[in-house]
Amino acid sequence: MALLWKCPRQFSLSLSLSLSLSVSVSVSLSLSLARCQAVQAENVTVLEGGTAQISCRLQNYDGSIVVIQNPRRQTLFFNGTRALKDDRFQMVLFTPRLVRITLTNVSVSDEGGYFCQLYTDDTHHQVATLSVSVPPDTPTVEVKQEAVEGGEVELTCLSPRSKPPATLRWIRDRREIPGVVSQQENGKTVSVSSTIRLPVERKDNGAAVSCEASHPALGGQKRVRHYRLDVYFAPTVRIIPPPGILREGDSLSLTCSITGNPLPRDVQWTRINDTLPERAEISGPTLQVARLSQSHNGTYLCQAQNNYGRAADHYTLLVYENVSVTTMVLPTSHHATSHPTTLLLTPNPGAVIETHSAVPYAVIGGVLALLVFTIICVLIVTVWCSVRQKGSYLTHEASGLDEHGEVQEAFLNGNDASQGKKEYLL
C-alpha cells in the first residue's frame, strides 16, 4: 500500500513562521495538515481470465484532477471520464474518498503498475501493481519411443504454461518417481517438464502412472494426468483342447488362445505333413471339424505373429472307433445260477474292462470248490486204476511161470499137471 501526501505551498510558509514562536508551530502545522491531500494505491493479484479491481483511495480531496493510467502510461480515465477506448476497463466508483475501476478478462499482458495521479500545484502519483497468476492446465504425457519388452520407456510430463512455474511429480503405485525437471520461459509464463525412464516387461503392459501438477493458484488442488504403459511384446499361443475322448462321428472344436501386443490379427491353422480335412472350418482363432473319422488323425498347428515375434502350439488328434459290446456266459454247475459276464471294449487298445453282474460271492466260491473237488477225485481214481492194472499184469506173469514148472515136473513124475495149481498175487 502506498500513500502520497499532496500539500499546498502555504504549508512551507506556515513552517517558516513557526521558527520564531514555538506555540505557533503546532497550530500552523495542524491547520496545514488538515488541508493536505493524500492518494493511496493498492496492489492487486488476480487469476488470468478473472476480473481485477484497481482502487485509488483519496484523503482530503478538494476537487483536484484525478488521472488513472495503465502500465504503458496511457490515460484510462480523466476525472472519471473514459480516455482510452478499451471496454474491458470500467469506472465503477468515483467519490471524494475512493476511485475504483475494473478490468475484465485479465491477461498477462495487462500485468504491471497502474498509476493513480493527483494533480495539484505539483504532479505526483502512486502505483497500484497488478499481478496476474496463471494456473497450469492438466499436464500432458509424451512418449519418446515405443516401449518394447526388455527395454526402457522414456516419459515426459509437460506443463506448457504457468506463472509462477508449476511443480510436477510422477506417481506410480502411490510412490513418487524422481524425474529430471527443466524450465523454459515463454514471455511472462514458464513451461515446465519432468522426464523419467522406466524398465518395462510384458507384465507392465497397462500399468498406470500419473503426473501431478500443483500450483499456488489451485488452492491445494492438483491437476493430474493418468497414463497407462503400452508395452509391445511377441505373441503367445495356446490351443484349448476339447474335453473327453473323440470317436468317429463326433465334432472337433479347437480354440487358439492368443496374447500379444499388438494382438495378431491373422491366425494360421495347419496339419503337419498333411492338409486340413475338407470339412474343416476356420472362424478366427477357432478350428471346427464335423463328423470325425480316423483319417482326420494327426497333429494340428496354430500359429500367430506380430512385428515383435512369432509363436505356435500344436494338438494331436486321435479318433477312436465306436464302442463295441460283447456278452459272454461263464459255464457253471447245477449248484450255481448262470449269470452273463459283459466285456466292454474301451477306445484304448488292449484295455478290457470285465463287468460282472451282481452274482453272490458264496455261489462263486461254491462253484470253484466243486471244480477243485472234482479235479482231485479224478486224479485219485486215475492213480488207483493205474496201480491196479500194474498188479494184475504181474499176477498173470507169475502164474504162467508156475504152470510151466508143474508141467515139466508132471512130465517127469507122470502126474497130472492140472493138480496142485496155485495163484499168487504180487
Side-chain angles (χ1 to χ4, degrees), residues 45-50 105-112 130-237 257-266 304-311:
T45 299
V46 65
L47 294 179
E48 185 180 41
N105 195 20
V106 178
S107 66
V108 292
S109 61
D110 298 321
E111 196 174 54
L130 174 62
S131 299
V132 180
S133 179
V134 181
D137 293 331
T138 301
T140 60
V141 175
E142 299 177 352
V143 184
K144 186 176 182 180
Q145 60 186 8
E146 293 180 347
V148 182
E149 179 184 16
E152 283 187 338
V153 60
E154 182 176 309
L155 303 177
T156 299
C157 180
L158 179 63
S159 177
R161 190 171 179 271
S162 60
K163 181 179 177 295
T167 301
L168 301 179
R169 296 171 64 230
W170 282 101
I171 302 296
R172 181 180 182 183
D173 297 332
R174 299 182 180 180
R175 295 182 179 180
E176 182 176 357
I177 305 175
V180 179
V181 180
S182 62
Q183 297 182 0
Q184 182 178 356
E185 293 186 358
N186 299 322
K188 292 187 176 183
T189 61
V190 180
S191 174
V192 184
S193 65
S194 177
T195 302
I196 59 174
R197 296 179 66 88
L198 300 174
V200 291
E201 299 293 340
R202 67 174 57 198
K203 64 182 179 62
D204 297 317
N205 186 43
V209 293
S210 303
C211 178
E212 299 178 349
S214 56
H215 192 270
L218 297 177
Q221 298 181 351
K222 298 177 181 179
R223 301 283 171 83
V224 182
R225 174 68 66 182
H226 299 285
Y227 179 79
R228 291 194 176 275
L229 296 176
D230 191 14
V231 181
Y232 295 98
F233 55 90
T236 59
V237 175
S257 176
I258 303 173
T259 62
N261 189 24
L263 190 66
R265 295 183 178 180
D266 297 329
Q305 67 177 357
N306 59 14
N307 296 334
Y308 302 93
R310 183 185 186 94

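Residue indices begin at 1 and follow the sequence shown.
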With rounding to the nearest 0.5 Å, note down the distance linking CG in D173 to OG in S210.
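Separation between the atoms: 9.5 Å.
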With rounding to the nearest 0.5 angstrom, report the CD1 to CZ distance, I177 to R169.
11.0 Å
Quick one: do R161 and E48 make a salt bridge, cutoff under 4.0 Å?
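Looking at E48 together with R161, the answer is yes, because their closest N to O distance falls below 4.0 Å.
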Is any side-chain heavy atom of [X] closer than 4.5 Å to a side-chain heavy atom of [Y]?
X	Y	value
F233	V200	no
V224	T138	no
N261	D230	yes
Q184	S193	no
C211	Y227	no
Y308	P262	yes
R172	L198	yes
P264	Q305	no

Does NZ belonging to K188 count more than 12 external heavy atoms closer than 6.0 Å?
yes
Does E176 have more than 12 heavy atoms from other residues, nucleotides or ligands lying within 6.0 Å of its CD?
yes
Taking all non-hydrogen atoms of both residues into account, name the closest pair between R225 and P139 and its distance.
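Of all heavy-atom pairs spanning R225 and P139, the closest is NE-O, 2.8 Å.
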